[in-house]
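What follows is a set of notes on a single structure, which appears directly below.
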Amino acid sequence: MSEEGRLERLTSMMRRRGIVLPSFEIYGGVSGLIDYGPVGARIKRRVVESWVDHWTSQGDVVEIDSPSITPKEVLVASGHVGEFNDHMSECISCGGIFRSDHLIEGSHPNPDSISGREIDDVISAEGVTCPNCEEFNWNPAKPMNLMFPTTIGAMKGGREAYMRPETAQGMFMLYPSLYRHFKQKLPFGALQTGRGYRNEISPRQGMIRLREFNMAELEYFIDPEDPPTGDIGEWGTPVELVPDPEGGSSETHRITFADALEKGMIKHPTVAWFLARTWDFLVGIGIDGSKIRFRQHTSTEMAHYASDCWDCEIFGEYGWIECVGIANRTCHDLESHEEHSGTNLLRGWRQYSEPVLVKREVLSPIGSVIGPIFKGKASDVSDALSGLEEIPGNLPFSIDIGEGDIVEITSEMVTRRVEEVNVHGEWFTPHVVEPAFGIDRIIWHVIDHAFNESGKDGEEYTILSLDERVTPFDVSVLPLFDKDGMDELARHLASEINSIPGIRADIDTSRSIGRRYARADEIGVPWAITVDHTSLEDGTVTVRRRDDQMQIRAPMEMVIEGISSRSLNGMF
RNA sequence: GCGCCUGUAGUGAAGGGGUUAUCACAAGAGGUUUCCAACCUCUUGUCCCGGGUUCAAAUCCCGGCGGGCGCACCA
């Protein structure tokens with residue numbers, strides 16, 4: 001079948017078979033919101049489960065789950081509010097786009113916090129002209145924040161909040177608990193899957209750019225002075241890398257991860273490790289390895305929080321689409337949350353291999369002297385003395401005890417001595433390497449790559465060649481005829497298969513057997529078990545393999561065992 | 001958000017100011033049939049929403065919503 005119209009046939013099939021459909025369709029639909037139907041939801045669940053399994057099997061990664069509703073302060077600290085809450089004004093005459101608050105600076109007491117309409121009023125009232133072409137010809141200011149605002153609590157007491165634009169902040173919020181869980185030893189990671197919300201200006205391309213979408217993010221906390229490397233030598237297959245063109249070499253390379261790291265194309269060993277593990281995951285759920293490439297971000301497109309970033313792009317009906325972002329977020333988030341929240345719990349302890357003996361000169365306050373002299377201020381004086389970076393050579397001297405209050409310290413008030421302490425380590429802010437997966441985009445490409453229209457016996461025929469890990473059903477049970485006891489036996493068999501943990505059987509009794517095979521093939525069910533007259537006599541059934549329509553006959557118990565151990569292939 | 005195109009059963013399409021809106025496939029019931037979309041009978045189900053023009057609108061006009069493409073945007 002020709003490639004022309006393939007996208008339409010694929011999306012039609014997905015609608016018709018209940019994989020992915022527009023949401024709220026009886027009310028006209030909402031762009032950027034989709035439903036997973038009965039078949040799609042199962043595929044999605046299995047993709048997500050495969051993802052969680054893939055990373056948690058590493059041993060030092062755990063799963064968490066945090067709220068979608070996020071107080072504003074968190075997103076202020078993360079930078080999402082500041083970076084994305086601006087109104088933009090567009091000049092109709094020259095097409096220039098400017099931050100509205102910059103245009104009206106000086107004309108309004110608080111240009112940061114007013115509505116678009118107010119901005120336009122101020123621009124009109126003040127006759128602000130375009131900095132570029134001097135014209136006065138503005139489009140209405142458009143808010144550029146892509147977060148959905150909401151309020152926690154009712155009425156006046158409400159607290160400002162947003163629907164989370166990423167799940168990552170949840171992992172940062174839980175850092176102290178994770179640090180305890182991992183016995184205060186780095187590196188470790190935490191992941192979560194869930195919804196993220198971005199009020200896209202113009203969602204397009206079906207399920208590629210959504211307003212509410214499924215993310216799967218992993219934050220891996222490391223000591224920047226001792227970054228974990230992993231053995232990336234295992235990945236012998238060359239992959240396609242597109243390094244940052246500003247870094248000198250812009251052409252695509254086919255190169256192994258190990259070589260790319262050695263040559264400096266991938267800058268960070270932990271990032272290289274995650275690139276390789278990401279490759280594994282994608283290929284493992286059925287993405288075509290020849291349609292994967294990794295592209296390094298240029299400094300201009302880098303997120304506000306990242307220092308080095310690679311996109312994993314997958315090729316499909318929409319061209320190359322970013323499906324995974326792997327970023328070295330450094331200490332940006334933890335440091336910023338420490339600063340904004342005032343906590344000091346977002347750190348790691350770096351134990352020295354040898355304790356370091358540190359000699360330190362101190363002036364220790366003599367309480368019996370300082371107390372009576374300074375009374376209520378005495379403890380401030382003591383704190384100021386112990387906080388001194390440098391000990392003055394001569395007494396008396398003046399010291400600031402806070403809020404500009406300066407007092408004089410005389411030699412009677414203090415004892416000068418030298419402290420010797422063994423320092424065993426130091427606190428530092430961990431760095432974070434983050435692989436962030438767009439689950440919906442990955443599901444799209446899994447289905448796209450599996451959508452096989454190559455036909456059968458010269459006729460049009462479609463098979464969804466999904467990997468067994470992500471099929472909607474493990475097996476379809478089909479009574480050859482829906483009567484004469486075959487129906488009952490089939491139902492019995494289906495319920496037996498369904499009682500195996502993690503295995504789902506579908507039963508299909510209507511219309512001809514060929515048609516039912518076709519229906520199962522179309523949504524990627526890998527095995528079909530047919531109950532026929534012989535089954536009633538000797539308890540054997542036929543097992544049909546989706547990908548080559550090969551068929552064998554075997555006793556039911558053996559088939560059930562084969563399904564349970566996922567070893568049906570061995571029977572062919 | 002702007003521009004161009006567009007919206008008819010589950011899917012894909014035809015038609016179109018005037019009786020009961022057409023076709024294929026799909027789906028449901030029954031029959032037939034000893035394993036690959038067969039066949040026969042019957043059945044269900046559609047003009048995106050709102051306004052306007054008109055005696056009459058699914059059809060023409062306007063707006064909204066949805067979809068496609070281009071520009072812009074895309075942490």
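In what follows, chains carry the letters A, B, and so on, assigned in the order in which the sequence lines appear, proteins first and then strands, with residues in each chain numbered from 1. FYI, side chains are in, hydrogens and waters are out, and symmetry mates aren't considered; it's all heavy atoms of this structure.
For A:T540, the side chain to side chain donor-acceptor pair (under 3.5 Å) partners at least two apart in sequence or on another chain are A:D538, A:R553. Residues satisfying the side chain to side chain donor-acceptor pair (under 3.5 Å) test with A:E339, not counting sequence neighbours, are none. Shown here are the salt bridge (charged side-chain N to carboxylate O under 4.0 Å, His left out) partners of A:E313, two or more places apart in sequence or in another chain: A:R293, A:R295. Under the rule for a salt bridge (charged side-chain N to carboxylate O under 4.0 Å, His left out), A:E557 has no partner lying at least two apart in sequence or in another chain. Remark: A:D35 engages A:S23 in a side chain to side chain donor-acceptor pair (under 3.5 Å) (not counting sequence neighbours).
Across B:C69, B:A75, B:U33, the shortest atom-to-atom separation from the side chain of A:R198 is found for B:A75. Which of B:G66, B:U34, B:C36 sits closest to the side chain of A:S31 comes down to B:G66. Each of B:C74, B:C2, B:C35 was ranked by its minimum atom distance to the side chain of A:D532; first place goes to B:C35. In the set B:C73, B:C35, B:A75, B:C73 carries the atom at the smallest distance from any side-chain atom of A:R209.
The existence of a salt bridge linking A:D482 and A:R491 is confirmed by a sub-4.0 Å separation between a basic side-chain nitrogen and an acidic carboxylate oxygen.
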Practice problem: Between protein and nucleotides 37-51 of chain B, map the contacts as a letter string: B base, S sugar-phosphate only, - none, heavy atoms under 4.0 Å, written 5' to 3'. | Solution: BS-------------
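For residues 11-31 of chain A, every residue pair satisfying the salt bridge (charged side-chain N to carboxylate O under 4.0 Å, His left out) rule, not counting sequence neighbours, is listed here: A:R16-A:E522, A:R17-A:E522. Residue pairs that meet the salt bridge (charged side-chain N to carboxylate O under 4.0 Å, His left out) test with at least one member in residues 543-552 of chain A, sequence neighbours left out, are A:D521-A:R544, A:R545-A:D548.
Pairing analysis of RNA chain B (Watson-Crick: purine N1 to pyrimidine N3 plus N6-O4 or O6-N4; G-U wobble: N1-O2 and O6-N3; both under 3.5 Å) yields stems of 3 or more pairs at B:1-7 with B:65-71, B:10-13 with B:22-25, B:27-31 with B:39-43, B:48-52 with B:60-64.
Taking atom CD on A:E8 and atom C1' on B:G68, their separation rounds to 9 Å, with Å as the unit.
Checking the phosphate oxygens (OP1, OP2) of B:U11, a side-chain nitrogen or oxygen of A:R15 falls inside 4.0 Å. Residue A:S202 places none of its side-chain N or O atoms closer than 4.0 Å to OP1 or OP2 of B:A72.
The base of B:C36 is paired with the side chain of A:Q551 by a donor and an acceptor separated by under 3.5 Å. Contact of A:R16 with B:C25 (side chain to base): no donor-acceptor pair of N or O atoms is detected under 3.5 Å.
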